[in-house]
Number of protein chains: 2
Amino acid sequence: MLLFQEIRNYILTLLQQDEIATGSKLPSERALQEHFNSTRITVREALIRLEAEGLIYSQKRKGWFVTPHKLKWHPATKVNFYELAKQQGFTAQTRLVSVNKIDNINFTDIFSAQSLYHLQRVRSLDNRAVMFEDIFCDAQRFDGLNKHSLNSSITEIMAKQYATNVVKEQSIISVTVLPDNVCEMLEKNSGTPCLKVVRQRFDEQQKLVDHNIEYWLHNAIEMIVEGQ
Amino acid sequence: MLLFQEIRNYILTLLQQDEIATGSKLPSERALQEHFNSTRITVREALIRLEAEGLIYSQKRKGWFVTPHKLKWHPATKVNFYELAKQQGFTAQTRLVSVNKIDNINFTDIFSAQSLYHLQRVRSLDNRAVMFEDIFCDAQRFDGLNKHSLNSSITEIMAKQYATNVVKEQSIISVTVLPDNVCEMLEKNSGTPCLKVVRQRFDEQQKLVDHNIEYWLHNAIEMIVEGQ
DNA sequence: CAGTGGTCTAGACCACGAT
DNA sequence: TCGTGGTCTAGACCACTGG
């Protein structure tokens, strides 16, 4: 058995024997190195592997921690993030990072709008930042959106304040790593794997309501898709 | 800028300038090391990063290659793998690895069956193995399944030979790494990231038809989910 | 057989976090 | 200030691939 695999298995038994509670810190890299009479490179090999498996995660320069349960998420249904989190025993938070009005240059092919609102938000579960999103929508159509409280459901604001109902959506889901600016927001190391979701939502007239890009930590989420 | 980031960017420009065709080999690690007057560890840091981003992939002891286009896949619709691949310009293959009749011990909670068929298959796009799947179904219900050609659509065989139609399905999708036995099948290194899909399909009587576990190379697939 | 990738050692320096 | 994680050097051995 390879050395880094042995170290991986050793840490795994620590997790399984509940010697390290969910969310708490692993022994330091140098402590593990000493325990196995090895080097930090090899220890990190094992840690990075466990991170890829989704069992542990690192927080920039703070250490390695045990991954909490994953949020089960249904991308194809109109679910409220808070509702969903609550049902599964999490406390959810949303933090608005920025709101800007921008010229529509990037999405001219899909938005006919002249200018767009661009929101950035971070979502957390039990105070752990797990998702970053960019939201784009027509600034004329949703004029004054920036005056509403954007820390909760945008869908609700669009429905109640702008009589806009989403009736259809399409999500494109892929696996990649967090862009560096997102890493900073989520306090993650550059290179952290993630699930990228590009979602477009449409109203009754088949008109594009918003265009969102979500980056989910890969070990914080599990998607459930029902078909037929 | 960090050294491994510079190496990453350098390789990226090679890809973007089409100096390396899709599917072909990158310069060797030692060549890159020399080019940057660095060490293999640092070069591998850059390569592993690009792999996590989905832009390149490694084949065990053969080298690093440029990732082809991703297959766009709709997990919530009854699509035929071959059809889908063909539409997108790929040639698809399916290889049956094994068929076994086993006692139902692992799935007693979901299958009422005494014994199960267990199939293992590998699916490829343009001769690149991109997916491994375990399929479980009731051995009494599909008695003699092993006598059919299992290199094509199981759904079709169930419909035509056993009058069984799938009307509902649920998929649970998560990001993890390939189990080691799957790595061997797909000729990948241990630790390769993947998309894991656990799918259950049901007939008109809401009875479970089959239970599948699919492992997709994360850089070979992009999922599209439509909602509402 | 030469060259490659996979694994590993034994150090080092720095920026940042905790205290 | 001390310990931590993030990055990096300069080697090494082995198993395997491809010619």
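Order of the sequence lines sets the chain letters (A, B, ...), proteins ahead of strands, with each chain counted from 1.
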Review point. Using a cut-off of 4.0 Å on non-hydrogen atoms, how would the nucleic acid contact of A:Ser28 be classed: base, sugar-phosphate, or nothing?
Key: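 Here A:Ser28 touches the backbone only, sparing every base.
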Practice item. Determine the contact category for A:Ser190: base if any of its heavy atoms lies under 4.0 Å from a base atom, sugar-phosphate if only primed atoms, P, OP1 or OP2 are that close, otherwise nothing. Key: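 Since no nucleic acid heavy atom lies under 4.0 Å of A:Ser190, the category is nothing.
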Interatomic distance, [X] [atom1] vs [N] [atom2] [rounded to whole Å]:
X: A:Ile48; N: C:dG6; atom1: CD1; atom2: C1'; result: 15 Å
X: B:Gln33; N: C:dG6; atom1: CD; atom2: C1'; result: 14 Å
X: A:Asn37; N: C:dG11; atom1: CG; atom2: P; result: 12 Å
X: A:Phe36; N: C:dA10; atom1: CZ; atom2: P; result: 16 Å
X: A:Met1; N: C:dT7; atom1: CE; atom2: C1'; result: 15 Å
X: B:Leu47; N: C:dG5; atom1: CG; atom2: P; result: 8 Å
X: B:Glu29; N: C:dT7; atom1: CD; atom2: P; result: 11 Å
X: A:Glu34; N: C:dA10; atom1: CD; atom2: P; result: 13 Å

Review point. Between B:Asp134 and B:Gln120, is there a donor-acceptor pair closer than 3.5 Å when you use the side chain of the first and the backbone of the second?
Key: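 Looks like no, no N/O pair under 3.5 Å.
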Review point. Nearest to the side chain of B:Lys62 - D:dG18, C:dT9, D:dG6?
Key: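 Given the options D:dG18, C:dT9, D:dG6, the side chain of B:Lys62 is closest to D:dG18.
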Review point. If you check the A:Arg44 side chain, which of C:dG5, D:dG6, C:dT7 turns out closest?
Key: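 Nearest to the side-chain atoms of A:Arg44, counting from C-beta on, is D:dG6.
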Review point. In terms of the nearest nucleotide of DNA chain C, which residue is placed more toward the 5' end: B:Ile41 or B:Leu26?
Key: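 In this pair, the answer is B:Leu26.
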Please state whether the phosphate of [N], meaning OP1 or OP2, lies under 4.0 angstrom from any side-chain nitrogen or oxygen of [X].
X: B:Ser58; N: C:dG5; value: no
X: A:Thr42; N: C:dT7; value: no
X: B:Asn189; N: C:dG6; value: yes

If you restrict it to nitrogen or oxygen atoms, what contacts under 3.5 Å exist between nucleotides 13-16 of chain C and the protein, and what is each distance?
unit_1, atom_1, unit_2, atom_2, d
C:dA15, N3, A:Arg61, NH1, 3.3

Could you pull out all donor-acceptor pairs under 3.5 Å where a side-chain atom in residues 181-188 of chain B meets a protein atom, sequence neighbours excluded?
unit_1, atom_1, unit_2, atom_2, d
B:Glu187, OE1, B:Lys62, NZ, 3.0
B:Lys188, NZ, B:Ser58, O, 2.8

Check your understanding: For A:Phe65, which residues count as a ring-ring contact (aromatic ring centres under 6.0 Å, His included) partner, sequence neighbours excluded?
Key ->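 Partners of A:Phe65 under the ring-ring contact (aromatic ring centres under 6.0 Å, His included) test: A:Tyr57.
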Practice item. Work out which heavy atom in B:His218 is nearest to a heavy atom in B:Ala52; give both atom names and the distance. Key: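 Looking at all heavy atoms of both residues, the closest pair is NE2-O, 3.5 Å.
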Review point. Going by atom types alone, do A:Trp64 and A:Glu29 pair a side-chain donor with an acceptor below 3.5 Å?
Key: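 Yes, because at least one side-chain N or O of A:Trp64 sits under 3.5 Å from a partner of the opposite role on A:Glu29.
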Check your understanding: Would you say the side chains of A:Gln170 and A:Gln200 form a donor-acceptor pair under 3.5 Å?
Key ->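 Absent: no donor and acceptor within the cut-off.
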**Study point:** Matching residue for B:Thr94 among B:Arg123, B:Glu133, B:Arg121 - test: side-chain hydrogen bond (donor to acceptor under 3.5 Å, both in side chains)
**Key:**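 Checked B:Arg123, B:Glu133, B:Arg121 against B:Thr94; only one passes side-chain hydrogen bond (donor to acceptor under 3.5 Å, both in side chains): B:Arg123.
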